[in-house]
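Below is one structure, written out as C-alpha cells; the observations come after it.
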Amino acid sequence: MASRAGPRATGTDGSDYQHRERVANHYQMSVSLKNEIKKLIYAHIVIWVLLAAQAVVAHMKLVPHDLVAMPYQWEYPYLLSIVPSLFGLFSFPRNNISYLVISMISTGLFSIAPLIYGSMEMFPMAQQLYRHGKAYRFIFGFSAVSVMYLVMVVAVQVHAWQIYYSKKLLDSWFTSTQEKKKK
C-alpha cells in the first residue's frame, strides 16, 4: 500500500506493477483522436468565422468595396460546412458512430466540394493575376484571389486531416464495439 509520508511497504522493490490493469489501446487512441479532431474543428471554425465575416461585411457594406471584396460564389455553400463540424463534436460524448459518419460524409459534400469548385472558379482570375499582374478584387489591399487561395490551401488540409482522423476514430470505435459483442 502506498503512503505519502511513510516508508515503502516491506517486501516490495517497486517492480510489482505488471499485474495491474491497463487501459485498452483503443480507448487511449479514442481519446487522443478526439482531441486531434477537436483541434481541427476549432481551426475550421476560425476559417468559417473569417469567411462569414467577409460575407457579412461585404453585403452590409460596412467598409468600402475596395477594402473587402464581395465573396466568391463558392464561399456561400462553404458556409454550410459548419454543420458537419457540429455533428463531429456531437458524436464525441457518447461515441455516436452515426453522427461521426454523417460528419465525415457531409464534410466531403459541404467542405471539400465547395473548395474544389472554388479553385476552378478562381483559376481564370489567378491566371490573369499571374500573367498580367492585374487584380480587380481586394481584401485589405491584397489580391482577393491570392488570399482566398491561401485560405483554401489551409482549409483543404484541415478537412483532409479531419476526415483521416475521423476514419481512424471510427475504426477505433468499431474495435471496441466488436470486443463488447464477443463478451
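This is a predicted model, so every value here is computed, not measured. Sequential numbering from 1 along the given sequence is applied to the chain's residues. Values reported hereafter were calculated over all heavy atoms of this structure, with side chains retained and with hydrogens, waters and symmetry mates removed.
I116 and V145 sit in two unconnected hydrophobic clusters of ILVMFWY residues. Membership requires side-chain heavy atoms under 4.5 Å apart, directly or through other members. Cluster annotation: V56 and V147 are assigned to the same hydrophobic cluster (Ile/Leu/Val/Met/Phe/Trp/Tyr, side-chain heavy-atom contacts under 4.5 Å, transitive). There is no path of hydrophobic side-chain contacts, each under 4.5 Å, that joins L80 to F90. Under the 4.5 Å side-chain heavy-atom criterion for ILVMFWY residues, a single connected hydrophobic cluster contains both I105 and L100. Following chains of ILVMFWY side-chain contacts shorter than 4.5 Å, one can reach L79 starting from V49, so the two form part of one hydrophobic cluster.
With contacts defined as side-chain heavy-atom distances shorter than 4.5 Å, the pair T107/M104 does not qualify. Inter-residue side-chain proximity for F138 and L67 is flagged as unmet; no heavy-atom pair is nearer than 4.5 Å. Under the 4.5 Å side-chain criterion, counting only non-hydrogen atoms from C-beta, M120 is not in contact with W74. The side-chain heavy atoms of Y149 and S119, taken from C-beta on, include a pair separated by under 4.5 Å. The shortest distance between side-chain heavy atoms of S146 and L129 falls below 4.5 Å.
Between W173 and F92, the ring planes are perpendicular. Angles over 60° get that label, and only those under 30° would be called parallel.
One distance of note links CD1 of I97 with CD1 of I102; it measures 12.5 Å at 0.5 Å rounding. Rounded to the nearest 0.5 angstrom, S81 OG and I45 CD1 are separated by 10.0 Å. From M152, atom CE reaches atom CD1 of I47 across 11.5 Å, with rounding to the nearest 0.5 Å. In this structure, CE on M70 lies 10.0 Å from CD on E75, to the nearest 0.5 angstrom. A distance of 5.0 Å separates CD in Q73 from CD in E121, rounded to the nearest 0.5 Å. Of the inter-residue distances, the one linking H44 atom NE2 with I37 atom CD1 reads 14.0 Å to the nearest 0.5 angstrom.
For Y72, the OH atom counts as densely surrounded, since its 6.0 Å shell holds more than 12 non-hydrogen atoms of other residues, nucleotides or ligands.
The closest donor-acceptor contact from the side chain of Q54 to the backbone of A69 lies under 3.5 Å.
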Going through the distances and angles, do I41 and L89 end up as a side-chain contact (heavy atoms from CB on, under 4.5 Å)? CA-CA 8 Å; I41 288 174; L89 285 175; 3.9 Å; yes

Between H59 and Y76, is a ring pair (Phe, Tyr, Trp, His ring centres under 6.0 Å) present by the stated rule, with each step listed? CA-CA 12 Å; H59 282 290; Y76 299 112; 5.8 Å; yes

Just distance, no hydrogens or angles: give the donor-acceptor pairs under 3.5 Å from side chains in residues 157-169, sequence neighbours left out.
| residue | atom | partner | partner atom | Å |
| --- | --- | --- | --- | --- |
| H159 | NE2 | Y78 | OH | 2.8 |
| S166 | OG | Q162 | O | 2.7 |
| K167 | NZ | D171 | OD1 | 2.9 |

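Screening residues 133-158 for salt bridge (charged side-chain N to carboxylate O under 4.0 Å, His left out) gives no qualifying pairs among residues at least two apart or on separate chains.
Annotation: side chain to side chain donor-acceptor pair (under 3.5 Å) contacts of S103 (sequence neighbours excluded): none.
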